[in-house]
Trainee: 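Here it is, the structure in full.
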Amino acid sequence: MVNQWTKVPKLNNVQLSILVLLRVLIGWHLLYEGLAKVTNPNWTSAYYLEQSGWIFSGVFNSIAESSFWLPIVDFTNQWLLVVVGTLLILGLLTRTSAVIGASLLFIYYLAQPPLFEAVSMQADGNNLIVNKVLIESIALVCLAVIPTGQFIGLDRVIYLVRRDKTNV
Amino acid sequence: MSEKSNNNPGKGGIKRRDWIKAMATIPVLGAFGVSAYAKWSSQGDKKTDVLKTLKLDSIKPASVKTQSNSKSDLIRIGIIGFGVRGEQIARALGYALPEWLNKQSEENITTWSAQDNLNVAITGICDVFDLHANKGLTASDYEYQPQRIKAKRFKSYKDMLDSNEIDAVVITTPDFHHAQMAIDAANAGKHVFVEKCMTRTEDEVFEVEEAVKNSNIVFQLGHQYCQNAAFRQAKEVLRRNTAGKITLIETTTNRNSPHGAWIRHTNPDGSLRPGSPQNIDWKQWLGKSPTAPFSVDRFYNWTKWWDYATGLSGQLMAHEVDLANQLLGVGIPYSCSASGGIYFYKDNREIPDVFHAVFEYPQKDLTLIYSASLASELDRGRTFMGHDASIKLGNTMEITIDPKSTQYKSHIKENLLDTSQPAVVFDPSKDKVDAVTSATEKYYASRGLLYTYRDGKKVDTTYLHLKEWLDAIRFGTPVSVPIDKGVEVTIACHMATKSYKEKRTVFWDPVKRRIV
């Protein structure tokens with residue numbers, strides 16, 4: 001079973017190029033989101049968390065109101081975005097970073113899913129249950145199950161070194 | 001592309017071609033860095049420029065003076081009238097009812113218990129209603145206030161004023177009792193914190209003024225709005241002439257619920273709230289006002305009748321007029337024209353539910369327009385309109401540059417200032433002054449959804465207002481709404497009420513000191 005998940009499919013040049021493009025674009029997006037937060041001394045996730053709807057709103061609201069957790073969540077969130085974004089662009093630790101990125105985005109989605117009654121200030125366009133955050137999260141899941149870093153990216157070095165070791 | 005075709009698996013070493021593939025996306029990071037740098041450097045310049053142009057680059061965030069109370073003497077307070085507002089005042093002083101605590105979220109309790117101990121004891125409660133008086137007695141015995149002294153119930157406020165166990169009184173009765181109680185308290189040498197509206201009639205204003213001025217007490221009128229951090233910053237912005245000459249203030253208070261329209265005598269299930277001639281001293285409640293049969297409606301909804309209050313002008317407009325007076329020192333208006341009507345709540349009320357007042361201040365080259373509805377919740381905000389910029393004030397302050405500004409003409413021409421959206425937002429929940437950054441922030445700012453934090457704590461403005469009064473009693477520091485300011489705002493309210501009732505423009509005669 002594990003093998004089935006980690007097995008890398010054979011991709012042709014077009015398929016691989018498009019997946020690498022997707023990876024780099026998402027990486028760029030997350031990196032800039034992260035850096036914009038890091039460089040804005042006033043940024044906090046509190047407003048986003050306070051506006052949380054749906055069944056998890058209690059958890060998110062209590063984080064927003066907690067003077068202990070909020071700085072931790074803010075710090076972790078912004079730097080994870082920076083690190084994950086950079087790793088995705090570089091194609092380094094691609095699978096891990098894609099999984100972390102997908103999880104982060106999925107948490108954002110859970111905090112404010114576009115449900116029937118919810119009106120989100122952050123929404124761009126019209127969304128019902130599915131929004132761009134969810135799609136980006138699933139796109140990262142795709143990149144995790146079809147890793148591209150070992151073909152185009154620094155993971156290639158790790159991959160080749162490991163392969164040589166096992167073959168020696 | 002597959003492993004087999006490109007890499008000859010099994011053969012060792014990393015080939016040049018592999019290195020190229022490994023590092024193929026690194027230039028993307030370079031491109032990212034260049035674009036991000038370009039964006040930030042232009043933004044940074046713009047922000048500093050905007051703040052500098054508006055003369056606001058050195059403005060400091062508003063902060064609360066915290067004077068230590070630990071070494072100060074205990075102040076013993078009597079509360080006259082322990083209804084909804086009395087309960088709120090007691091909480092602001094640090095004394096809560098168990099039933100309130102049980103209903104609160106953890107967050108509310110955390111905010112409340114983070115208030116500094118004001119070192120006061122509630123030693124007297126006076127209320128004509130047994131139920132309310134008993135609530136006051138319970139609150140005064142709040143177990144987490146080490147300095148507490150269980151209050152004594154006084155059947156009449158005059159007995160309370162005679163007591164030597166009371167240093168200061170808070171008057172939170174219906175409006176028509178305020179004046180006489182404040183006068184008697186001042187004469188008895190008790191410090192006074194009285195809720196707005198300070199008086200029900202014009203004559204009473206001068207009577208209170210005289211009594212307070214002939215005493216040595218500290219007087220504070222309950223306009224706690226002025227404690228809002230955004231308003232304090234607004235005062236500084238106005239002082240720096242950032243907005244140019246202000247000639248028009250438009251301020252509004254819309255709400256849309258029976259409770260907001262002073263229909264408060266029923267429970268959520270429609271049943272009448274408690275109270276009967278058996279447990280309410282109705283004669284004392286009526287005081288000097290015309291005799292009326294007991295009714296729960298009158299007892300809870302007194303605001304609806306002219307005999308007991310001044311309607312929207314004394315209840316909500318008073319805060320707005322005080323704010324303009326705090327920020328611009330407008331004083332008593334030259335004239336007032338008010339209008340409105342009972343358009344939605346066609347019950348037994350006498351006061352209008354849609355109400356507007358236009359005040360002229362020719363000596364300040366300024367008009368203040370107040371407009372209110374009790375049947376719409378549309379947020380129309382509060383705006384100070386200047387020739388160079390307008391200032392929208394809520395929990396935050398937004399400054400929007402006027403496209404035809406003289407002061408900023410060259411900056412607008414060179415596109416250094418954007419007039420299409422607020423150029424600066426002050427948000428007291430943040431410890432910094434910043435130019436607007438994102439659409440989301442703008443949204444929150446405009447809605448006033450942000451909390452007011454000081455030193456990481458949410459603060460209640462009533463608490464700050466009471467603290468200011470207690471500090472004044474202890475240390476002789478100034479209060480925000482002393483008797484002079486109280487007279488100015490209250491006369492303005494009575495001008496509006498008179499104008500509405502008499503359907504004509506009324507004027508202030510500064511020589512005779514009368515509304516004419």
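Reminder, nothing fancy here: chain letters follow the sequence lines and each chain counts from 1.
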Trainee: Is B/T110 in contact with chain A via its backbone, its side chain, both, or neither, using a 4.5 Å heavy-atom distance?
Mentor: neither
Trainee: Is the number of heavy atoms from other residues, nucleotides or ligands within 6.0 Å of CZ (B/R380) greater than 12?
Mentor: yes
Trainee: Counting only heavy atoms closer than 4.5 Å, note whether A/S62 contacts chain B via side chain, backbone, both or neither.
Mentor: neither
Trainee: With a 4.5 angstrom heavy-atom cut-off, which part of A/L31 approaches chain B: side chain, backbone, both or neither?
Mentor: both
Trainee: Please report the shortest heavy-atom distance between A/G91 and B/T25, naming the atom on each side.
Mentor: N-OG1, 4.4 Å
Trainee: Who among A/L35, A/V24, A/V20 has the most heavy-atom pairs with chain B under 4.5 Å?
Mentor: A/L35
Trainee: Give me the atom names and distance for the closest heavy-atom approach of A/F151 to B/K21.
Mentor: O-CB, 3.3 Å
Trainee: Supply the atom-to-atom distance B/I14 CD1 to A/L160 CG, rounded to the nearest 0.5 angstrom.
Mentor: 5.5 Å
Trainee: So for atom CD, which belongs to B/E106, do other residues, nucleotides or ligands contribute more than 12 heavy atoms lying within a distance under 6.0 Å?
Mentor: no
Trainee: Could you look at A/L92 and say if it's the side chain, the backbone, both or neither that has a heavy atom under 4.5 Å from chain B?
Mentor: neither
Trainee: Quick one: what part of A/V157 sits under 4.5 Å from any heavy atom of chain B, side chain, backbone, both or neither?
Mentor: both
